[in-house]
Amino acid sequence: MTRLRFCAAAGALMLFASTAFAQPVPTRRINDPSAAGPVLRLSQVLRLGSLEGEHDAFGRVMDVALDRSGRVLVADDQSHDVRVFDARGRYVGTLGRQGRGPGEFQSPWQVAADAQDSIWVWDSGLARISVFSPSLRFARSFQIPPEWVVNSLRFLPDGRVLLAAYGRSTRGSLHLFSRAGRFQRSFGPVFNAPDLSGYESSLLGGSVDVTSNSIVYSTKSPYEIWIFDLNGAPRQKCAGNAAWTTSPTAVVETTDAAAQLRWNRYVHSSAVLDLGGGLLLNQVLDPSGDRTVFDVLTSDCRLLRRTQAPSAVMLGDRRGTRLAAIRNLEYPEVIIYEQRMAPR
């Protein structure tokens, strides 16, 4: 059984989202899943990963992203680099190596490509974001608060950088930066939790994606999807059934000196993606059943369909009709799917 340790605060664990918005945020209840809604169909078009391959024997894949041309960007924190493959799976090159200098990494945990195909990488070990040109040359980097654990890295239509990041002393869960790396503001739900550190903190907070006219934020637990306009003003909150995710308090065992998080019991939302056409995909991981749940929702909180995958798949990014995902079986794999919505 996997156990992750952290210190307890005042002998008790508290984890909840609170808000500091000027006006109450309209809340809509999400309906139970329909059996009559459209079905999300995923067809595998590419698989990367092997035990002994020259370039795709991955150590621990933390994130995967796609750029406009379909290139696949794979962040591996055991090899301390980001490997790049073309849309057919052919190796193109590697970003970084282990180190602390410009363009080097300790723990690359998030990767994303912007509208110009520049590549942005968050390094959890160095608490910085490094930017590389489309030709894979290092361009610049900037620091972010070391207590932040970044769950998503996205871009607004005007090019600004949006991070979904949890930090124990941070006001807000979404953080906006200029392209030069200047912090602008934080907004979104506020999570109150004990002093967590390291990998455990990545289980808190939530993930974000950006549509043509809104920012969509999904909390890990409880099951909530927040919709903001592109200026960060809240439009509404979609609230799901409490039983759809596991409360963190239910998977934490506390003693006088420490607490243990039983990861394999923690059912939580792990990614939200814009599917286009006013549809959202919210992914829920169930480690206890080694399965993934895909919820297709509308932006007005209607749950159209719930689909279960037989094994744990971690969605990373979407470009056009393609979805990039991570699957860990015998060894880490990166899977690229072609998506389509099919009638019942």
Side-chain angles (χ1 to χ4, degrees), residues 26-47 64-66 151-152 154 164 206-228 235-247 266-328 333-344:
T27 299
R28 294 187 180 185
R29 302 300 303 181
I30 301 174
N31 58 282
D32 288 331
S34 169
V39 180
L40 175 67
R41 302 291 188 190
L42 299 179
S43 303
Q44 180 178 311
V45 296
L46 179 65
R47 184 187 66 83
V64 59
L66 302 169
N151 291 303
S152 302
R154 293 292 188 263
S207 58
V208 71
D209 204 4
V210 178
T211 75
S212 60
N213 61 8
S214 61
I215 296 167
V216 181
Y217 179 72
S218 176
T219 62
K220 294 193 173 184
S221 182
Y223 191 113
E224 293 179 349
I225 297 174
W226 294 70
I227 311 294
F228 301 85
R235 290 176 174 168
Q236 67 179 356
K237 179 177 70 174
C238 305
N241 191 307
W244 293 351
T245 58
T246 306
S247 169
Y266 189 35
V267 181
H268 64 284
S269 298
S270 59
V272 64
L273 293 176
D274 170 33
L275 291 178
L279 298 180
L280 305 172
L281 176 61
N282 196 49
Q283 174 184 265
V284 177
L285 284 186
D286 181 359
S288 63
D290 191 29
R291 63 178 182 170
T292 304
V293 173
F294 297 121
D295 285 348
V296 178
L297 307 98
T298 63
S299 56
D300 61 355
C301 307
R302 289 182 294 124
L303 178 52
L304 300 181
R305 192 70 179 234
R306 172 166 289 171
T307 306
Q308 293 187 3
S311 61
V313 176
M314 295 278 292
L315 292 177
D317 196 15
R318 170 187 173 268
R319 287 277 179 165
T321 59
R322 292 202 166 188
L323 293 174
I326 303 164
R327 183 172 64 190
N328 289 293
E333 296 177 310
V334 171
I335 311 294
I336 308 301
Y337 296 102
E338 189 77 22
Q339 69 157 76
R340 67 183 181 90
M341 298 302 300
R344 181 185 171 189

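Computation of the quantities below employed the complete heavy-atom set of this structure, encompassing side-chain atoms and omitting hydrogens, waters and symmetry-equivalent molecules.
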Exercise for review: Walk me through it: do Thr321 and Glu338 pass the test side chain to side chain donor-acceptor pair (under 3.5 Å)?
Suggested key: CA-CA 6 Å; Thr321 59; Glu338 189 77 22; 2.3 Å; yes

Does any N or O in the side chain of [X] come within less than 3.5 Å of the main-chain N or O of [Y], such that one atom is a donor and the other an acceptor?
{"X": "Thr245", "Y": "Ser221", "answer": "no"}
{"X": "Thr292", "Y": "Val313", "answer": "yes"}
{"X": "Arg319", "Y": "Leu66", "answer": "yes"}
{"X": "Arg322", "Y": "Gln339", "answer": "no"}
{"X": "Ser207", "Y": "Val272", "answer": "yes"}
{"X": "Tyr217", "Y": "Gly206", "answer": "yes"}

Once you round to the nearest 0.5 Å, how far does [atom1] of [X] lie from [atom2] of [Y]?
{"X": "Arg41", "Y": "Arg340", "atom1": "CZ", "atom2": "CZ", "answer": "6.5 Å"}
{"X": "Leu304", "Y": "Met341", "atom1": "CG", "atom2": "CE", "answer": "7.0 Å"}
{"X": "Leu315", "Y": "Ile335", "atom1": "CG", "atom2": "CD1", "answer": "11.5 Å"}
{"X": "Arg302", "Y": "Leu279", "atom1": "CZ", "atom2": "CG", "answer": "9.0 Å"}
{"X": "Leu297", "Y": "Ile225", "atom1": "CG", "atom2": "CD1", "answer": "4.5 Å"}
{"X": "Asp295", "Y": "Arg305", "atom1": "CG", "atom2": "CZ", "answer": "11.5 Å"}

[X] to [Y] - nearest heavy-atom pair and separation:
{"X": "Ser152", "Y": "Val208", "value": "OG-N, 3.1 Å"}
{"X": "Ala271", "Y": "Asn282", "value": "O-OD1, 3.4 Å"}
{"X": "Gly240", "Y": "Arg29", "value": "O-NH2, 3.1 Å"}
{"X": "Arg235", "Y": "Asn213", "value": "NH2-O, 3.1 Å"}
{"X": "Ile227", "Y": "Ser214", "value": "CG2-CB, 4.1 Å"}
{"X": "Gln308", "Y": "Val293", "value": "CG-CG2, 4.0 Å"}

Point to revise | Donor-acceptor pair between Gln283 and Ser270 side chains, under 3.5 angstrom | key: yes

**Study point:** Side chains of Thr211 and Asp274, donor plus acceptor under 3.5 Å
**Key:** no

Review point. Are Tyr266 and Leu285 close enough that some pair of their side-chain heavy atoms sits under 4.5 Å apart?
Key: no

**Study point:** Beyond-backbone contact of Leu42 with Thr307, side-chain heavy atoms, under 4.5 angstrom
**Key:** no

Check your understanding: What residues, two or more places apart in sequence or in another chain, satisfy ring pair (Phe, Tyr, Trp, His ring centres under 6.0 Å) together with Tyr223?
Key -> Trp244

